[in-house]
Amino acid sequence: MKRDDIIQLIERAIKKAQKKGDLPKFDPPEVVLERPKDEGHGDYATPVCLSMARLARMAPIQIAEKVVARMEHADYIGSVEIAHPGFININLSDAWVAQQVEDILEQGQSFGHVDMGQGRRAQVEYISANPTGPLPFGSGRNAVLGDTLANLLAAAGWQVQREYYVNDTGNQMEVFAASLYARYAQALGHDEPLPENGYPGHYLVEMGEAVATQFGDRFLSMDRDEALKALQTEGLKRTLVGIRADAEALGIHFDQWKSEQSLYDDGAYGAVFNQLSADGWLTHREGAIWFKGDRESEPSTDTEDKEQERERQEDKENVVVRSDGRPTYLASDMAYVWDKLARRGFDWAIYVWGADHHGHVPRVKAVARALGLDADRVTILLYQLVTLKRGGKLVRMGKRTGEMITLREVIEEIGADATRFMLLTRSADSQMELDLTLAVQQSSENPVYYVQYGHARIASIFRYAQEQGVSLEGGDVSLLTHPAEQELIRQMLRLPEIVALCADTLGSHHLTQYAQRLASAFHSFYKECRVVSSDPAHAELGKARLKLVLAAKTVLANTLHLIGVSAPESM
RNA sequence: GCCCCCGUAGCUCAGGGGAUAGAGCAGCGGUUUCCUAAACCGCGUGUCGCAGGUUCGAAUCCUGCCGGGGGCACCA
């Protein structure tokens with residue numbers, strides 16, 4: 001990325017100016033290089049001279065003059081300007097920019113990739129909704145954030161594993177089995193009531209019927225506990241088939257479906273329990289076993305930052321094993337975090353959780369620390385919940401209420417591409433409101449189509465070019481000097497920076513913002529610059545422009561693929 | 001009571017401590033003798049919730065308050 005080169009260029013200039021005595025000696029601050037909001041301020045700008053003013057005891061403008069005077073010449077720099085009150089504004093050279101078209105074409109699908117991960121292994125675990133029914137719409141945000149983040153980290157040089165954590169044990173599974181039992185018995189004509197707190201959803205009625213059709217009254221004739229166990233297994237199998245299909249409807253494919261129960265079966269839980277017990281992190285009280293997250297004997301370290309300290313202090317004791325001997329979800333989480341970091345050795349474990357689980361974040365980190373693992377290797381990405389409305393009226397969500405909007409319903413109403421894009425345009429920190437009525441109405445005006453349309457238009461240009469017998473062979477990209485051409489290339493060149501920004505902040509929404517800006521630059525170009533023309537005088541420029549739009553098509557496609565939506569050849 | 005997120009244009013929301021706070025939608029007006037009008041071009045004074053503080057510089061960081069949402073189980 002040229003961005004990094006420019007930062008180094010400025011850093012060297014500052015050091016050189018100090019060495020030569022233009023500037024006094026002091027530890028130079030970090031060079032922040034930003035993309036100015038105002039295009040008139042260049043492609044890049046740095047306020048570094050402003051922050052050096054006090055250290056140097058000089059006016060920022062004068063510092064900037066000294067620094068700029070010591071900057072080495074580079075072919076990619078067009079102009080360097082000093083602006084009040086002391087900014088250094090840097091423009092890329094038009095010739096260099098034009099030349100990048102060849103570079104983008106050469107990089108093809110890998111254009112936009114950066115090497116931040118350096119091959120380290122990251123796991124993104126997302127959705128992980130309880131396997132008790134179809135994915136609710138609320139899981140859609142989780143799905144899209146997690147999947148896009150996985151795409152982004154892969155593009156940022158991480159080796160990424162995508163995982164769905166299957167909560168196939170615990171309370172909710174028992175309720176699920178009991179609910180299925182009731183629906184199954186009902187399907188066979190028995191008067192079996194749905195248990196209290198049972199799942200009222202219609203999908204279980206259907207599942208009960210399907211099970212009855214396949215197995216007859218087999219489960220009614222066996223011992224009830226045995227039947228519940230068998231129905232839990234059977235129901236889980238069916239639910240997972242549905243969830244897998246729901247995820248695939250959004251283009252999501254997991255590398256692994258990790259069973260919670262397996263953590264108990266394969267000894268992970270036992271090992272973790274023994275270690276924590278031996279190290280004094282567990283205590284017995286009131287017949288239960290508790291995890292002490294705030295053990296006094298653990299001194300705060302100098303390296304512990306405020307946030308960590310607060311996390312540690314706030315974390316109270318939590319039950320790991322109930323007085324009846326059954327483990328809680330925390331027991332599973334302990335085994336799971338160990339499984340991720342220690343046993344499977346991921347360098348970075350990312351969990352995607354709804355904000356309603358934010359209280360558990362300190363817990364998981366505390367467990368990691370108690371196990372002697374670096375809690376910084378755990379990142380929990382929280383997203384605020386989506387409020388669903390229909391015609392301005394609030395739609396209550398949740399599996400226990402009758403009215404539950406499924407992710408599948410929304411996808412069928414507004415399409416997978418629009419669903420993904422829409423859920424991705426807002427920052428995860430922002431709670432969003434979605435009116436289904438409005439979303440259906442507006443789906444045809446969804447910005448995703450604006451971006452896809454750009455891709456389709458380019459495909460169309462190539463179809464026409466072929467018809468006219470025009471090719472890009474021998475095109476000379478140095479002819480690309482028109483402002484609209486330059487602007488388009490400059491936008492294309494930003495993709496690696498956007499990927500880096502997203503990977504750095506885990507904020508995938510920058511990607512959709514960028515996609516729209518990129519498409520906008522293309523559409524403007526398209527309006528102003530003819531690509532394929534019958535005018536013979538236009539032939540050379542036409543070849544160059546064909547190269548340009550092919551590069552633009554590549555960048556649009558790469559961006560769309562990161563977002564996880566299709567890049568259509570026609571619309 | 002404690003904890004987390006949000007409060008920016010009519011609506012939905014961007015805004016990585018910097019220069020005149022932006023986009024989409026909605027609204028008004030204009031653009032098509034050859035590559036898709038799902039497009040392009042033009043039109044925007046908003047107490048950046050309020051009050052302090054830090055800083056050369058705050059929508060952005062800190063503190064308090066107000067408002068909205070969520071969480072504080074031997075549920076997950």
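Proteins get letters first, then strands, A, B, ... in listed order; numbering begins at 1 in each.
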Determine the Euclidean distance between corresponding [atom1] atoms of [M] and [N]; express it in Å to zero decimal places.
N	M	atom1	result
B:A9	B:G69	C1'	23 Å
B:A23	B:G15	C1'	10 Å
B:G10	B:G67	P	23 Å
B:G46	B:C13	C1'	15 Å

By the 4.0 Å heavy-atom rule, please label [X] as base, sugar-phosphate, or nothing.
X	value
A:A456	base
A:R494	nothing
A:N89	base
A:A465	nothing
A:Q513	sugar-phosphate
A:H523	sugar-phosphate
A:A83	base
A:T328	sugar-phosphate
A:E467	nothing
A:T387	nothing
A:S534	base
A:S427	sugar-phosphate
A:C529	base
A:H510	sugar-phosphate

Would [X] count as stacked on [N] if the rule is ring centres under 5.5 Å and plane angle under 30°?
X	N	answer
A:H358	B:G71	no
A:Y450	B:A38	no
A:Y526	B:C35	yes

Query raised in the report: Would A:R285 and A:E317 pass as an ion pair if we require N to O under 4.0 Å?
Result: yes
Query raised in the report: Quick one: do A:E497 and A:R35 make a salt bridge, cutoff under 4.0 Å?
Result: yes
Which one, [options], comes nearest to the side chain of [X]?
X	options	value
A:L50	B:C56, B:C13, B:A76	B:C56
A:D356	B:A19, B:G71, B:C56	B:G71
A:K527	B:C74, B:G16, B:A37	B:A37
A:W290	B:G16, B:C74, B:C5	B:C74
A:S524	B:C40, B:C35, B:G24	B:C40
A:D429	B:G24, B:A76, B:C5	B:C5
A:H357	B:C56, B:A76, B:G69	B:A76
A:R530	B:G18, B:C34, B:C74	B:C34
A:N130	B:C74, B:A76, B:C56	B:A76

Query raised in the report: Between the side chains of A:R517 and A:Q513, is a donor N or O closer than 3.5 angstrom to an acceptor N or O?
Result: no
Query - Modelled atom types, side-chain donor and acceptor of A:N167 and A:E260, under 3.5 Å - result: yes
**Report entry** Separation of atom CG in A:L424 from atom P in B:C13, rounded to whole Å
**Finding:** 15 Å
Query raised in the report: Starting at CZ of A:F525 and ending at C1' of B:A39, how long is that distance when rounded to a whole Å?
Result: 14 Å
Query raised in the report: Is any side-chain N or O of A:K37 closer than 4.0 Å to OP1 or OP2 of B:A19?
Result: yes
Query raised in the report: So does A:H509 get a side-chain nitrogen or oxygen closer than 4.0 Å to the phosphate oxygens (OP1/OP2) of B:G15?
Result: yes
Query raised in the report: What do you reckon, are the aromatic ring centroids of A:H360 and A:Y329 less than 6.0 Å apart?
Result: yes
Report task. Kindly indicate whether the side chain of A:S323 and the base of B:C74 share any N or O donor-acceptor pair separated by less than 3.5 Å? Result -> yes
**Report entry** Residue matched to B:C40 through Watson-Crick or wobble contacts both under 3.5 angstrom
**Finding:** B:G30
